[in-house]
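All values reported here derive from a predicted model rather than from experimental measurement. Letters A, B, ... mirror the listed sequences (proteins, then strands); counts begin at 1.
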Amino acid sequence: MEKTKKIINGQDNVVEEMLDGILAAHPQHLRQVEGSARSIIAVDGPRPGKVGLVIGGGSGHEPTFLGFVGRGLADGAAIGNVFASPPPDPILECAKAVSGGAGVLFMYGNYAGDVMNFDMAAEMAAMDDIDVRTVLTTDDIASAPRDERDKRRGVAGNFFVFKAAGAACDKILSFDECERVGRKANDHTYTMGVALSPCSLPQTLKPSFEIAPGEMEVGMGIHGEPGIAVGPLEPADAISDMILDRIFEEMAPARGDKVAVLVNSLGATSLMELYIMNRRVKQRLDERGISIHATWVGNYCTSLEMAGASITLMHLDGELQEMLDHPCDCAMFRVV
Amino acid sequence: MEKTKKIINGQDNVVEEMLDGILAAHPQHLRQVEGSARSIIAVDGPRPGKVGLVIGGGSGHEPTFLGFVGRGLADGAAIGNVFASPPPDPILECAKAVSGGAGVLFMYGNYAGDVMNFDMAAEMAAMDDIDVRTVLTTDDIASAPRDERDKRRGVAGNFFVFKAAGAACDKILSFDECERVGRKANDHTYTMGVALSPCSLPQTLKPSFEIAPGEMEVGMGIHGEPGIAVGPLEPADAISDMILDRIFEEMAPARGDKVAVLVNSLGATSLMELYIMNRRVKQRLDERGISIHATWVGNYCTSLEMAGASITLMHLDGELQEMLDHPCDCAMFRVV
Amino acid sequence: MANYDGASLVKMFKAIATAIAAQKEHLCELDGKIGDADHGIAMALGFGAVSDALSELDMDGVAPTAVFNMAAKSFLNAVGASSGPLYATAFMRAGATAKGKISLAEGDFVAAFQAMAKGIEDRGKAVVGEKTMVDAWRPAAEAMAAAHAGGADLAASFAATVAAARKGAEATIDMVAAKGRSARLGERSRGHMDPGAASAVFVIEAMERGLDLSG
Amino acid sequence: MANYDGASLVKMFKAIATAIAAQKEHLCELDGKIGDADHGIAMALGFGAVSDALSELDMDGVAPTAVFNMAAKSFLNAVGASSGPLYATAFMRAGATAKGKISLAEGDFVAAFQAMAKGIEDRGKAVVGEKTMVDAWRPAAEAMAAAHAGGADLAASFAATVAAARKGAEATIDMVAAKGRSARLGERSRGHMDPGAASAVFVIEAMERGLDLSG
Ligand SMILES: Nc1ncnc2c1ncn2[C@@H]1O[C@H](COP(=O)(O)OP(=O)(O)O)[C@@H](O)[C@H]1O
Ligand SMILES: Nc1ncnc2c1ncn2[C@@H]1O[C@H](COP(=O)(O)OP(=O)(O)O)[C@@H](O)[C@H]1O
Ligand SMILES: [Mg+2]
Ligand SMILES: [Mg+2]
Ligand SMILES: [Mg+2]
Ligand SMILES: [Mg+2]
C-alpha cells in the first residue's frame, strides 16, 4: 500500500525533534525541565503560593498540550509518544518543577493509559510531599452515555477546561477552589465530532483505520478510536445540527444562556470548512436565544492529519466566563 | 474516481457561508462593508489621516487574507472565490471604506488575475479621488529567477510583508513611507515550499493535480501551480536544507544578522511536522551565526487541504523588526 | 444581408453560456495541468452570470451596446480570476464599436472581433505566442477581417474565424507560457493546450451557433 | 529439576523482545480495529528498552529480582500508554516474589505468574471477561498453578500455560470490551481479538522459548 507522506526524519525521533523545534520557536514561553526532556514548563508561570497545573498526554494533538502552557494557563505539560500517555517520570518531574507549595493539579483526557501513568506519578509525587489532585476531562459526549459521564473521553473541549482551571490557578485561588473550577468547567463542556479520513502514525505511515469513500465516522476519538456510528458524509449544516442537537440535549440551555464555542479541526480540515460549520452554530444558537460570549475556530486539538472536525460548547456562568476571559500568554494561544 | 470529502453544504456558496461563519466568530474584529458582502474591514482599524491598507485575493488560503485584517495590520480585505481574484467592485468598496484621506495601499500576491482586477479597481478608485498605490508580494523564490523578481508569486511571506506595511500605516507614517516600508518588507522576504499531496476545489471535489506516491513537488504554488521540480519525498532535514540553501543564496545573510522565521503549513501538514522542520531551521541559522528575532509556526497561508509546507525568512533590520513587533489585533493573529 | 439586433446578441451569449457549461470540467482539467484548475469554473460562473443578467433585460429594442456592456459587467463581477477582466474588457470594447447602432451589420462583426482581441491584449499586456487566449482571439479576429474583406458572408467568415481560433489554440500546445499563471513553469508548460485559448474556441464556436447565421 | 538465575531471565526477556518486534505490525493492526493502532509500537518500544537496559547489566550473579525490576522500570519509562503501567506493575510484582532468591526454582514460576496476573488486574482494575490482556494472563497464571500442582515439570507447565493464554485470547474475540480504550465501542468491539490479550500470548510463548526449558 501507498505510504502516507510526512515531513519527518526518522520514525523514532519525531517527538524529540518536534520538542526541539517547539523550544527553538518559543524560548520566551517554554523550557525543558533540566534532565527531563519530555517535561516542558512555562518560563513565566509557576510561582510560590500558586497551585501548579500540569497537563499532558500523547503527542500528535498539537497545539494540545504544549501550546497551552504559559502564564495564566498550564504551568507544565508532560509529553508522551504519539498517541501514548507519558510515563510517570516526566509527569512527576513536571509536578516537582511547577509545585509552588499550594498543591498540583493534574488535568488530562480520560484514557486508561493516561490515568494509570498519571496516577503512578501522583503516588510518586506524594512520596515527595507534593499534594496532587486530578481532574479528568470527559467532554466527548459520544464516548459514553450521559449517566456514565466519568467513562467519557477528553477531546477538544479540554481546551476550555484547562483554560478555566489555569485562570483559577493564576488568580491564586485555593487548591480546593482550583479543583472545583476545573471540575465545574469540565461538567459544563460538551464536545462531539466527526472524522472524514484517517491519520497515520509516523511509525507505520499507514492509515490507522479506514473510513469508506463517501462516509464519515460519527463520534470518532482523537486517536482514531471508532465512533458511535458510520454513515454517509452529510452536508456541513446537517453535521453541525446532528452534533448540536446532541449537545443541546445534554446541556439543556435556556433562552438567555451564554456559551463559548470552539469549532476544531482534527488536522486536515480547513478553516473554510470550520467557518462554514460555525455559521450554522451561530444560526442554531441564535434561534434558541443563546448568546455567544466568544468563539474559537481552528486547530486546537488535532489527530495528526486526520480530516474531520468537532464542535464544543461550554455552558457559561459568570465564573466560567471570567475564567475564559482571564488573560493568558502561551506559545500557541493568547487571551489579552 | 473517489470524491474528496469536505464539510461543506453546496459547492456554490462556500465563500459566502465561510464569510458568514467568520463574521459570526469575530464580530469584535471584522465587519462587512454595507452592500458589498465580499468587502470585509476591520472594526477598529481605518481612521482619518491614516493610510488605508487593503489586501485580498482568492479564498482557500485562510487565515490569509481575512485573518490579517485588524487594528495594526490590514484595514480591509477583498475576498474572491476559491483561488480566484476578487472582481474590481469589492476591492473598490474596501478602498472607499478604509480611505482616511491619506491614500490607500493595495497589497496582494503577484498573480495575473489579481493584478488585472486590483488595477481596474485602482482606476475606479482614482475616479473617486482616492489615491491608490500598489505593492505586490513576490516572495516565492521558486517562481522565477532572481533577476526577474517582479515575476515571482506572492505566497506565505506576504504575512510578513502585510504585517510590516500594516504597522507603518498604523504608526501614521506618510503614504510614501508606508509604500516604501511595504516594498522593503517584500524585498527582504524569501519563501519556498514543497507540496506532498494535492487539494481539491469545492466545485470539483477532485484533486486539482497529481503528485505521485513517494514524490513531492518542489516550489509548487499555493494554488497548485506546478513547481520547479518533482522529486522523491525527502526527510524533513533535507527538505529544510534545500529550501534554506536557496534562501541563503538569495538573502546572503552575514554572521550577526537577524531574521524572522515562518514555517507554514499548506493545510494538512501537522504542527508536529512543521516544528520538526523548525528544529532544522534553528540549527542552520545557529550554524551561520544568524539570530532569530521571532518564529511563527502554523497555518498562515494555506491551500485548502493541500499537504506540504513552506519556510519563509525575513531579513530584518531595525526598521523591519520594529514593524514586526508593532502590536496588532486581528481575528486570527495577534502581536502584543 | 442579415442584421443582428440586441436580442440576437442575447441569444448568442446564452449559446456561449450553454457551451461553456458543458466544457466546465474539461477546462478545469486543462488548467490543472499548467494552472490552478479553475478555468472552467471561472468561465462557467462568468457566462452563467451573463446569461442570468441578460434574462433580466427588457429585450424590446435593446441596443447591442447595452447587451455587450451588461455582459461585461456581469462577467467581471462574477468571476475575478484572470478571465474576468480579460473578457470584461473584450465585451466593453465590443460594445464601444457598436455604440449608437440599433443592430449589427455583417461588417460590424469585423470591428467587434478586432476590438475584443485588442481589449484582451491590452488588459493582459499579451501578444500572440505567449500561450494565452490571445493565441486564439488574435488569429480569429484576423480571419474575420480577411474573410469579410474577401467578400465572404457572415456564415463563411465565422467558419474561417472558428478555424483560425482552433488552429491558434492548437498552436499553444507547443508554446512555453510567457504570460499568466503558467508563465512560471517555463519548459514544463510545453505540451499542454492553454486553457484560455481552448475556451476561446468554445466561445467563438458558440457565437457562430448562437447567431443563427443561416438567416 | 532446573533452576533459573538472573542471566536466564535476561535471556527470557530478550526472547520476548524478539518475538514482539516480529509482531509489531500485526499488533498495531489489531489495535487499529478497536483502539488507536499503536499497541505493537508500545510493546516493541517497551521490550526493546527492556532488552537494551538488561544488556547493560552486569550478568555475573545478578538476582532475578533485579532483572524484573529493571525490566519494569525500563518498560515503564519507554512506553507510556496503557501497556506501560500494566506490564511494569506485572514485572515489579514478579520481582517481589523473587526477592532474596539467587535463582528461581520451577515452583517459583507459579508465584511469579500469579503476581503478574494480579499486578495487571490491580493496575487496570480489570477482571476476566472485560476483553483485556487479563483474559490471557489470568487463565495462564491459573494453568501454571494447576499444572504445577498436578506434578507437571516446568516444560509441561509452560505448555499448559501457553495453551490457556491462547484460549483466553481467542475468547476475547466474542467479548464486548469493558475496560481500556475500546470500552467505548460497545457492540462494535465484538468480533476482534483484544490486542493486549494477543500480545500476552506472544510474551508467554517467548518466555517458554527463552527459558530453555529442556535443561
Ligand atoms: N496576461 C494575460 N493575457 C492574456 N491572457 C491571459 C493572461 N493571463 C492569463 N490569461 C489567460 O487566462 C487563462 C487562465 O484563466 P483562469 O484560469 O480563469 O484565471 P486564473 O489564472 O486567474 O485562475 C490562461 O489560460 C490564459 O489564457
Ligand atoms: N484497564 C485495563 N486493564 C487491563 N488491561 C488493559 C486496560 N486498559 C487497556 N488494557 C490493555 O491494553 C491494551 C492496549 O494497549 P496499548 O495499545 O499499548 O495502550 P493504549 O490503549 O493506551 O494505546 C488493550 O488491548 C488491553 O489489553
Ligand atoms: Mg495509545
Ligand atoms: Mg484561479
Ligand atoms: Mg485558473
Ligand atoms: Mg493502543
What would the table of donor-acceptor pairs between chain D and chain A look like if you include every N and O pair under 3.5 Å, whether backbone or side chain?
from   : atom 1 : to     : atom 2 : distance (Å)
D/E25  : OE1    : A/K206 : NZ     : 3.4
D/E29  : OE2    : A/K206 : NZ     : 3.3
D/A81  : N      : A/S85  : O      : 3.3
D/A81  : O      : A/N117 : ND2    : 2.9
D/S82  : OG     : A/G113 : N      : 3.2
D/R181 : NH1    : A/H223 : ND1    : 3.1
D/R181 : NH1    : A/E225 : OE2    : 2.7
D/R184 : NE     : A/K151 : O      : 2.8
D/R184 : NH2    : A/N110 : O      : 2.8
D/R184 : NH2    : A/K151 : O      : 2.8
D/R188 : NH1    : A/E217 : OE2    : 2.9
D/R188 : NH1    : A/G227 : O      : 2.7
D/R188 : NH2    : A/E217 : OE2    : 3.0

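- D/F91 has its side chain out of reach of D/V67: every pair of non-hydrogen atoms, C-beta onward, lies at least 4.5 Å apart.
- When D/C28, D/G186, D/G35 are compared by the number of non-hydrogen pairs under 4.5 Å with chain A, D/G35 comes out ahead.
- Taking 4.5 Å as the limit, some side-chain heavy atom of D/F158 sits within range of a side-chain heavy atom of D/M144.
- In this structure, chain A has a heavy atom under 4.5 Å from the side chain of D/I41, while its backbone stays farther away.
- Looking at D/L45, the atoms closer than 4.5 Å to chain A (heavy atoms on both sides) all sit in the side chain, from C-beta outward.
- Note that CD1 of A/I79 and CZ of A/F65 are 7.5 Å apart. Values are rounded to the nearest 0.5 Å.
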Show your working on side-chain contact (heavy atoms from CB on, under 4.5 Å) between D/F109 and D/T161 and close with a plain yes or no. CA-CA 11 Å; D/F109 282 93; D/T161 304; over 6 Å; no
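- Between D/V203 and D/M43, the closest side-chain pair of non-hydrogen atoms falls below 4.5 Å.
- For A/I228, the part lying under 4.5 angstrom from a heavy atom of chain D is the backbone only.
- Distance alone, capped at 3.5 Å, is enough to place a donor-acceptor pair between the D/S55 side chain and the D/S51 backbone.
- In this structure the side chain of D/Q114 reaches within 4.5 angstrom of the side chain of D/R138, judged on heavy atoms.
- Only the backbone of A/V82 comes within contact range of chain D, with at least one heavy atom under 4.5 Å from a heavy atom of that chain.
- With contacts defined as side-chain heavy-atom distances shorter than 4.5 Å, the pair A/L304/A/L201 qualifies.
- For the set A/G80, A/P86, A/P88, A/P198, the count of heavy-atom pairs under 4.5 angstrom toward chain D peaks at A/P88.
- For a residue to count as touching a neighbouring chain, one of its non-hydrogen atoms must lie under 4.5 Å from one of that chain's; by this rule A/A229 touches chain D with the backbone only.
- In summary, the aromatic rings of A/F118 and A/F106 are positioned with their centroids under 6.0 Å apart.
- Contacts of D/A78 with chain A are made by backbone atoms alone, with heavy-atom separations under 4.5 Å and no side-chain atom involved.
- When every heavy atom of A/G224 is checked against every heavy atom of A/M306, the shortest pair comes out as N-CE, 3.7 Å.
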